[in-house]
Amino acid sequence: QVQLVESGGGLVQPGGSLRLSCAASGSIFSINAMGWYRQAPGKQRESVASITSGGNTNYAHSVKGRFTLSRDKAKNTVYLQMNSLKPEDTAIYYCNALLQPLGVIYELPYWGQGTQVTVSS
């Protein structure tokens, strides 16, 4: 059984910071990519940041320069450092991974349950 466990969401004032964590656990052969999506009320889910097994990163234009994605391969964990937060960053943030479970030839997508980030004064 493979699962993604998220933590770090909460309420912060504009200009503040939060650090999200996502740890993949279970019978995993390899992880090809991990990252974060978010969905605000009344809006579509969008990609925020991602990192491949080779270390290549991608960021949405709206967060570039403010958010930083990092990883700890030994722990199968990624971190999203969010600085200079704005009210428009308010959303549910979902961790996502593309991985191969042990004994499975093909790649499968997995999702965390989501963590709420609220930016408000």
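Quick caveat: nothing in here was measured; it's all calculated off a predicted structure.
When all heavy atoms are compared, the tightest approach of Lys64 to Tyr59 is CE-O, 3.9 Å. Looking at every heavy atom in both residues, Gln113 comes nearest to Glu6 through N-OE1, 3.5 Å. Minimum interatomic distance between Glu107 and Asn32 (heavy atoms only, all atoms of both residues): OE2-ND2, 2.6 Å.
Cluster partners of Phe29, by chain and number: Leu102. The rule joins Ile, Leu, Val, Met, Phe, Trp and Tyr whenever side-chain heavy atoms lie under 4.5 Å apart.
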Could you go step by step and tell me if Phe67 and Leu80 meet the side-chain contact (heavy atoms from CB on, under 4.5 Å) rule? CA-CA 7 Å; Phe67 292 9; Leu80 186 65; 4.1 Å; yes
Decide side-chain contact (heavy atoms from CB on, under 4.5 Å) for Gln81 and Ser17; before the verdict, give the C-alpha distance in whole Å, the side-chain angles of both, and the deciding distance to 0.1 Å. CA-CA 7 Å; Gln81 180 67 46; Ser17 298; 4.0 Å; yes
Decide yes or no on side-chain contact (heavy atoms from CB on, under 4.5 Å) for Trp36 and Val78, but give the supporting numbers first. CA-CA 9 Å; Trp36 295 88; Val78 293; 4.1 Å; yes
Under the criterion side-chain contact (heavy atoms from CB on, under 4.5 Å), I'd like the reasoning laid out for Val2 against Ile28: C-alpha separation, chi angles, the key distance, then a yes or no. CA-CA 7 Å; Val2 175; Ile28 300 170; 3.9 Å; yes
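In this structure, Lys75 contributes its side chain and Ala24 its backbone to no donor-acceptor pair below 3.5 Å.
To the nearest 0.5 Å, atoms CG (Asn58) and OG (Ser47) are separated by 7.5 Å. Note that CG of Leu69 is 9.0 Å distant from CE of Met34, once rounded to the nearest 0.5 Å. Rounding to the nearest 0.5 Å gives a distance of 11.5 Å between CD1 of Ile31 and CD1 of Ile51. Taking CG of Leu85 as the reference point, atom OG1 of Thr90 lies at 8.5 Å (rounded to 0.5 Å). We find the OG1-CG distance between Thr118 and Leu18 to be 9.5 Å, quoted to the nearest 0.5 Å. Here CD1 of Ile92 is found 9.0 Å from OG1 of Thr115. Values are rounded to the nearest 0.5 Å.
More than 12 non-hydrogen atoms from other residues, nucleotides or ligands lie less than 6.0 angstrom from CD of Gln116. Atom NZ of Lys73 is surrounded by more than 12 heavy atoms from other residues, nucleotides or ligands within 6.0 Å.
Hydrophobic clustering (ILVMFWY, side-chain heavy atoms < 4.5 Å, transitive): Tyr106 and Leu98 are in distinct clusters. Transitive grouping of hydrophobic side chains (ILVMFWY, heavy atoms separated by less than 4.5 Å) keeps Tyr37 and Val117 in distinct clusters. Both Val48 and Leu4 belong to a single network of hydrophobic side chains, linked directly or stepwise wherever heavy atoms of I, L, V, M, F, W or Y lie under 4.5 Å apart. Under the 4.5 Å side-chain heavy-atom criterion for grouping Ile, Leu, Val, Met, Phe, Trp and Tyr, Tyr110 is connected to Tyr93 within one hydrophobic cluster. If you chain together hydrophobic residues whose side chains sit under 4.5 Å apart, Leu11 and Met82 never meet in one group.
Evaluation of the disulfide (SG to SG under 2.5 Å) test over residues 60-121, restricted to residues two or more places apart or in two chains, returns Cys22-Cys95.
For the pair Ser21 and Ser7, the minimum side-chain heavy-atom distance is below 4.5 Å. Between Ser120 and Pro87, the closest side-chain pair of non-hydrogen atoms is not below 4.5 Å.
Remark: Arg38 fails to qualify as a cation-pi partner of Tyr94 under the 6.0 Å distance and 45° angle criteria applied to the six-membered ring. For the pair Arg45 and Trp111, the cation sits on the ring face: its NZ or CZ lies under 6.0 Å from the ring centre, inside 45° of the axis.
Gln13 and Ser121 form no side-chain donor-acceptor contact under 3.5 Å, judged by distance and modelled atom types alone.
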